[in-house]
Trainee: 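Below you'll find the structure I mean.
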Amino acid sequence: MSKGKFIDIVQAEKGFLRGPFGSALKKSLFVPKGEDTYKIYEQGVVLQQDKSLGEYHISKQYFNESLKRFEVKSGDFLVSCSGVNYGAIYQLKGEIEKGIINQALLRIRLNHDIVDDNYFVYYFKTYIVKKIIGGTGDSTIPNFPPMSVVKGIDIELPNIEKQRKIGQMLACFDDKVDNNIALIQELESMAKTIYDYWFLQFEFPNKDGKPYKSSGGKMVWNEELKREIPEGWSVGRLNQFIKQDKGGDWGKEFPEGNYIEKVTCLRGADFPAICGAAKLEAPDRFINKKNMFKTLKKGDLIIEISGGSPTQSTGRICYINTNVLNRFKNKLITSNFCKAINLIDEDFMYWFYSLWSKLYDSGVFFLYEGKTTGIKNLLFEMLCRDYPIIIPITDVIKKYNKKIEKLYDEIQQKLLENAELLSLRDFLLPLLMNGQVGFKD
């Protein structure tokens, strides 16, 4: 093991660089994106781990005159330096858009004779960041410490060959997770495409397995919708399919009195992680024993009824299938900003989920929102009672459900696999870092 300071493992002249003062990046200096413009890399790139983010640009002339030293290159590490998420790190890899860091970022360029990229990112997350934010990993201080403090952090590294072996092993876990995320996105896209093809273009399979409408399937005029729909289909309302709904429960943070039943609480903010590949941070809570009937079961759909924003309506939806339940040790409940529903016919679940998601994406729910004390509320009963929907014949819905169920099961299997991979990686990480687990020569 070699010992030193953080400053000893970065490039001599350009290893550490904080972004320019905010006055250097006033909006009056921004220009439309073009071939000779430079993107401003902001915190969102780090927090969302996405180098494509960024809508502000400066001219080549201004870059050359004033901000050239803040340029980013492929291989640079960017660290968030303000807000409650400061200390987050992200490496720019592959081909990147030319640009500069803004005032909320720190750019780190390593000395690759001393430290391996893969090893460094794990070492930073497990050790360095704790020194930066005070050792707790949960600081609420909104800003980075002085650079003199960061540069002086004690560093202890194994030799470069061992670093590479450790980094490669840990990176294998993340590569597999990334591959699963890409597959999940493909499966989600496929599910949406199938829904649109069957229920918007009316190209569901006819009795011969051919696309209904383009194969001459009979279409009839519907007076209420003022459009043609497939013969045998009808117009109805969402509430025709809902058997019952149950409210959520926030419970208490710790056991208290009758609040002793430990559950995991799904909030609207957790829906993207349940149904997709976002980071899952659903909290554990303790609820009253008498409210255990509210726990979620296979076939339930959760709907966010309060919250939203000026650009995001209430009404986000999340499905609960067996594989979702298998991702958690505790029973599940939803928060009191949401409600759970189940359907009269469970075989309609994925069709109802897809229909609701399409209405949400189309902005329909903005028309069914009320406001109390500044919080938007979904007018759930009114929406389900009044909004007209096209109702396919039961046989088509059940065929769709059977077809699409495999996609959603596979999505959940990949999400469960990712959770297990990350758990194993995080278990091995400190053991590899401190030498408790090693490699055979």
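Only this structure's heavy atoms are used, side chains among them; waters, hydrogens and symmetry mates stay out.
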Trainee: Using atom types as modelled and distance alone, determine if a side-chain donor or acceptor of K294 lies under 3.5 Å from a backbone N or O of T334.
Mentor: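 Checked: no pair found.
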Trainee: For K289, is there any backbone N or O sitting under 3.5 Å from a side-chain donor or acceptor partner on N258?
Mentor: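 Such a contact is absent between N258 side chain and K289 backbone.
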Trainee: Could you tell me whether K73 and D76 have a side-chain N and a carboxylate O separated by less than 4.0 Å?
Mentor: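 Between D76 and K73 there is no salt bridge, as every charged N stays at least 4.0 Å from the carboxylate O atoms.
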Trainee: Going through the checks in order, is the side-chain contact (heavy atoms from CB on, under 4.5 Å) test met by I181 and N418?
Mentor: CA-CA 8 Å; I181 289 173; N418 277 1; 3.8 Å; yes
Trainee: Using side-chain contact (heavy atoms from CB on, under 4.5 Å), reason through E42 and L53 one step at a time and then give a plain yes or no.
Mentor: CA-CA 8 Å; E42 301 180 284; L53 298 179; over 6 Å; no
Trainee: Can you tell me how far the CG atom of L383 sits from the CG atom of L238, to the nearest 0.5 Å?
Mentor: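 Spacing of CG (L383) from CG (L238) equals 5.5 Å.
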Trainee: Do Q49 side-chain atoms and V46 backbone N/O form a donor-acceptor pair below 3.5 Å?
Mentor: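 Side chain of Q49 to backbone of V46, a donor-acceptor pair under 3.5 Å: yes, one is there.
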Trainee: Would a distance-only check, ignoring hydrogens and angles, find a side-chain to backbone donor-acceptor pair under 3.5 Å from S74 to G94?
Mentor: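 At least one qualifying donor-acceptor pair exists.
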Trainee: Could you measure the distance from the CD1 atom of I274 to the CZ atom of R267? Nearest 0.5 Å is fine.
Mentor: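 CZ of R267 is found 10.0 Å from CD1 of I274.
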Trainee: For E71, is there an ion pair with R109 - N to carboxylate O distance below 4.0 angstrom?
Mentor: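 Not counted as a salt bridge, because no side-chain N and carboxylate O are separated by less than 4.0 Å.
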Trainee: For the pair F241 and F348, name the ring-plane relationship: parallel under 30°, tilted 30 to 60°, perpendicular over 60°.
Mentor: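 F241 vs F348 ring planes: tilted.
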Trainee: Both conditions, 6.0 Å and 45 degrees, for the charged tip of K339 above the ring of F380: are they met here?
Mentor: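 Checked: cation-pi criterion met.
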Trainee: Looking at every heavy atom in both V396 and F204, which two are closest together, and how far apart are they?
Mentor: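 Answer, listing the atom of V396 first, then F204: CG2-CD1, 3.9 Å.
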Trainee: Can you tell me how far CD1 of I101 sits from CG of L78, rounded to the nearest 0.5 angstrom?
Mentor: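 The distance works out to 7.0 Å.
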Trainee: Report yes if the side chains of W198 and K403 come closer than 4.5 Å at any heavy-atom pair, otherwise no.
Mentor: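 In short, these two side chains touch, coming nearer than 4.5 Å.
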Trainee: Taking only residues two or more places apart in sequence, or in another chain, which ones meet E55 in a salt bridge (Lys or Arg N to Asp or Glu O under 4.0 Å)?
Mentor: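 Expected list: none.
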Trainee: Can you name the one residue among Y62, Y56, F63, F30 that meets ring-ring contact (aromatic ring centres under 6.0 Å, His included) with Y38?
Mentor: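 Running ring-ring contact (aromatic ring centres under 6.0 Å, His included) over Y62, Y56, F63, F30 with Y38 returns exactly one hit, F63.
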Trainee: Checking side-chain polar atoms at under 3.5 Å, does N321 have a donor or acceptor matched by the opposite partner on Q412?
Mentor: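 Per modelled atom types, N321 and Q412 side chains form no pair under 3.5 Å.
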Trainee: For the pair Q163 (side chain) and D116 (backbone), establish whether a donor and an acceptor sit closer than 3.5 Å, ignoring hydrogens and angles.
Mentor: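 Checking the backbone N and O of D116 against the side chain of Q163, a donor-acceptor pair under 3.5 Å is found.
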Trainee: What's the shortest heavy-atom distance between H57 and E97, and which atoms?
Mentor: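 Looking at all heavy atoms of both residues, the shortest contact is NE2-OE2, 2.9 Å.
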Trainee: Should E161 and R164 count as an ion pair when the cut-off is N to O under 4.0 Å?
Mentor: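 Salt bridge present between E161 and R164.
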Trainee: Could you pull out all residues at least two apart from K358 that satisfy salt bridge (Lys or Arg N to Asp or Glu O under 4.0 Å)?
Mentor: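 Applying salt bridge (Lys or Arg N to Asp or Glu O under 4.0 Å) to K358 gives D196.
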Trainee: Show, in sequence, the C-alpha distance, side-chain angles and deciding distance for Y360 and Q312, and conclude whether the side-chain contact (heavy atoms from CB on, under 4.5 Å) test is met.
Mentor: CA-CA 9 Å; Y360 175 83; Q312 175 185 303; 3.1 Å; yes
Trainee: For the pair R285 (side chain) and W250 (backbone), establish whether a donor and an acceptor sit closer than 3.5 Å, ignoring hydrogens and angles.
Mentor: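 At least one qualifying donor-acceptor pair exists.
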Trainee: Considering non-hydrogen atoms only, spot the tightest contact between G307 and I375 and give its length.
Mentor: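 That closest heavy-atom pairing would be N-CG2, 3.8 Å.
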Trainee: Between the main-chain N or O of Y353 and the side-chain N or O of S357, is there a donor-acceptor pair closer than 3.5 Å?
Mentor: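 Checking the backbone N and O of Y353 against the side chain of S357, a donor-acceptor pair under 3.5 Å is found.
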Trainee: Could you tell me whether a side-chain N or O of E304 sits under 3.5 Å from a main-chain N or O of F337, the two making a donor and an acceptor?
Mentor: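 Side chain of E304 to backbone of F337, a donor-acceptor pair under 3.5 Å: no, none is there.
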Trainee: Report yes if the side chains of F352 and I397 come closer than 4.5 Å at any heavy-atom pair, otherwise no.
Mentor: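 No, too far: nothing below the 4.5 Å cut-off.
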Trainee: Could you check whether any side-chain heavy atom of K252 comes within less than 4.5 Å of a side-chain heavy atom of F254, counting everything from C-beta outward?
Mentor: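 No, side chains not in contact.
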Trainee: Measure the shortest side-chain to side-chain distance between I7 and I155 over non-hydrogen atoms and say whether it is less than 4.5 angstrom.
Mentor: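 SC-SC contact between I7 and I155 ruled out.
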Trainee: For I114, enumerate each residue passing the side-chain contact (heavy atoms from CB on, under 4.5 Å) test, keeping only those at least two apart in sequence or located in another chain.
Mentor: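 With neighbours one apart ignored, the set is I9, N111, L157.
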Trainee: CD1 of I344 to CD of Q244: how many Å apart, nearest 0.5 Å?
Mentor: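 Rounded to the nearest 0.5 Å, the CD1-CD separation comes out at 10.5 Å.
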Trainee: Atom CG in N102, atom CD1 in I100: separation rounded to 0.5 Å?
Mentor: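 That separation rounds to 8.0 Å.
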Trainee: Could you tell me whether the side chain of W356 reaches within less than 4.5 Å of the side chain of L301, counting heavy atoms only?
Mentor: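 No; the side chains remain at least 4.5 Å from each other.
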Trainee: What orientation do F6 and F16 show, parallel under 30°, tilted 30 to 60°, or perpendicular over 60°?
Mentor: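 Perpendicular, since the angle between the ring planes exceeds 60°.
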Trainee: Taking all heavy atoms of K262 and all of F286, pick out the closest pair and write down the distance.
Mentor: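 That closest heavy-atom pairing would be CB-CE2, 3.6 Å.
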Trainee: Restricting to pairs with a member in residues 185-195, which pass side chain to side chain donor-acceptor pair (under 3.5 Å), not counting sequence neighbours?
Mentor: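 Not a single pair qualifies under side chain to side chain donor-acceptor pair (under 3.5 Å).
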Trainee: Counting N and O atoms only, with roles assigned by atom type, does the side chain of E369 sit under 3.5 Å from a partner on the main chain of S313, one being a donor and the other an acceptor?
Mentor: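 Here the side-chain-to-backbone pair does not exist.
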Trainee: Can you check side-chain contact (heavy atoms from CB on, under 4.5 Å) on V121 and Q91, steps first, answer last?
Mentor: CA-CA 8 Å; V121 74; Q91 186 180 24; 5.8 Å; no
Trainee: To check you understand the geometry: which heavy-atom pair defines the closest contact between I317 and C275, and what is its length?
Mentor: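 Between these two residues, the closest heavy atoms are O-SG, 4.5 Å.
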Trainee: With L296 as reference, evaluate I320, T264, V324 under the side-chain contact (heavy atoms from CB on, under 4.5 Å) test and give the passing residue.
Mentor: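 Of the listed options, the one satisfying the test is I320.
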Trainee: Would you say the side chain of V79 lies within less than 4.5 Å of the side chain of V129, judging by non-hydrogen atoms?
Mentor: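 V129 vs V79: side chains apart.
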Trainee: If you look only at pairs with a residue in residues 4-33, which of them pass as a side chain to side chain donor-acceptor pair (under 3.5 Å), with sequence neighbours excluded?
Mentor: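 Found K5-D154.
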Trainee: Parallel, tilted or perpendicular: which one describes the rings of F199 and W351, with boundaries at 30° and 60°?
Mentor: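 Rings of F199 and W351: perpendicular, as their planes differ by over 60°.
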Trainee: How long is the span from the NZ atom in K297 to the CG atom in L332, to the nearest 0.5 Å?
Mentor: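 Taking NZ in K297 and CG in L332, the distance rounds to 11.0 Å.
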Trainee: Salt-bridge test for K246 and D300: reply yes if a basic N is under 4.0 Å from a carboxylate O, no otherwise.
Mentor: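 Here K246 pairs with D300 in a salt bridge, since their nearest N and O are under 4.0 Å apart.
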Trainee: Less than 3.5 Å apart, which donor and acceptor atoms pair up between the side chains of residues 171-178 and the rest of the protein, not counting sequence neighbours?
Mentor:
from	atom 1	to	atom 2	distance (Å)
D174	OD1	R425	NH1	2.6
D174	OD2	Y122	OH	2.4
D174	OD2	R425	NH1	3.4

Trainee: Do F328 and L280 have side-chain heavy atoms sitting under 4.5 Å apart?
Mentor: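 With C-beta onward as the side chain, the pair touches.
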Trainee: What heavy-atom pair brings Y197 and P211 nearest, and what distance separates the two atoms?
Mentor: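 The pair with the smallest heavy-atom distance is OH-CG, 3.5 Å.
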Trainee: With a 4.5 Å heavy-atom cut-off, do P20 and L25 have their side chains touching?
Mentor: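 A side-chain contact under 4.5 Å exists here.
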Trainee: Please check this pair: side chain of N159 against backbone of K162, looking for a donor-acceptor N/O pair closer than 3.5 Å.
Mentor: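 Side chain of N159 to backbone of K162: a pair is present.
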